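Have a look at the structure below, then the notes.
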Amino acid sequence: MKRYIVNTTADSKGDHEVHETDCHKAPAWYNQKDLGDHSSCESAVQKAKETYSTANGCYHCSYSCHTS
């Protein structure tokens with residue numbers, strides 16, 4: 001299980017990126033919402049979409065969930 005967070009600030013495409021907590025591209029602590037532990041990025045992105053409909057996996061740490 002890995003712990004995931006979502007960026008509370010949308011990127012230039014309007015996406016809220018989901019990151020593993022140890023990702024080098026994760027946002028500063030004050031721009032993060034904790035998503036808890038997940039067995040995959042898919043379930044973490046689903047959790048993030050409960051708050052941010054435009055949640056998307058990070059290209060670097062959650063590539064299989066990265067759609068744009």
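Only a predicted model underlies this, so the values are computations on that prediction, with no experimental measurement involved. Quick note: numbers below take in every heavy atom, side chains included, and nothing from hydrogens, waters or symmetry partners. The residues of the chain are indexed from 1 along the displayed sequence.
Pairs engaging residues 9-40 under the disulfide (SG to SG under 2.5 Å) rule: none recorded [sequence neighbours left out]. Listed by first then second residue, pairs satisfying salt bridge (Lys or Arg N to Asp or Glu O under 4.0 Å) with a partner in residues 5-32 read K2-E20, not counting sequence neighbours. Counting only residues at least two apart or on different chains, the side-chain hydrogen bond (donor to acceptor under 3.5 Å, both in side chains) pairs with a member in residues 33-42 are R3-D34, R3-D37, K33-T51, H38-S43, S40-E42.
The disulfide (SG to SG under 2.5 Å) search around C61 returns none, not counting sequence neighbours. S12 pairs by the side-chain hydrogen bond (donor to acceptor under 3.5 Å, both in side chains) definition with nothing, not counting sequence neighbours. Remark: Q46 engages K49 in a side-chain contact (heavy atoms from CB on, under 4.5 Å) (not counting sequence neighbours). Partners of Y63 according to the ring pair (Phe, Tyr, Trp, His ring centres under 6.0 Å) rule, which considers only residues two or more places apart in sequence or in another chain, are Y59. For the side-chain contact (heavy atoms from CB on, under 4.5 Å) test, residues two or more places apart in sequence or in another chain that qualify with N7 are T9, P27, N31. Applying the side-chain hydrogen bond (donor to acceptor under 3.5 Å, both in side chains) criterion to T21, with sequence neighbours excluded, gives no partner residue.
When hydrophobic side chains of Ile, Leu, Val, Met, Phe, Trp and Tyr are connected at separations under 4.5 Å, Y30 ends up clustered with W29. Other residues sharing a hydrophobic cluster with L35 under the 4.5 Å side-chain heavy-atom criterion for ILVMFWY residues are Y4, V6, V18, V45, Y52.
For the pair S62 (side chain) and H19 (backbone), a donor-acceptor distance under 3.5 Å is absent.
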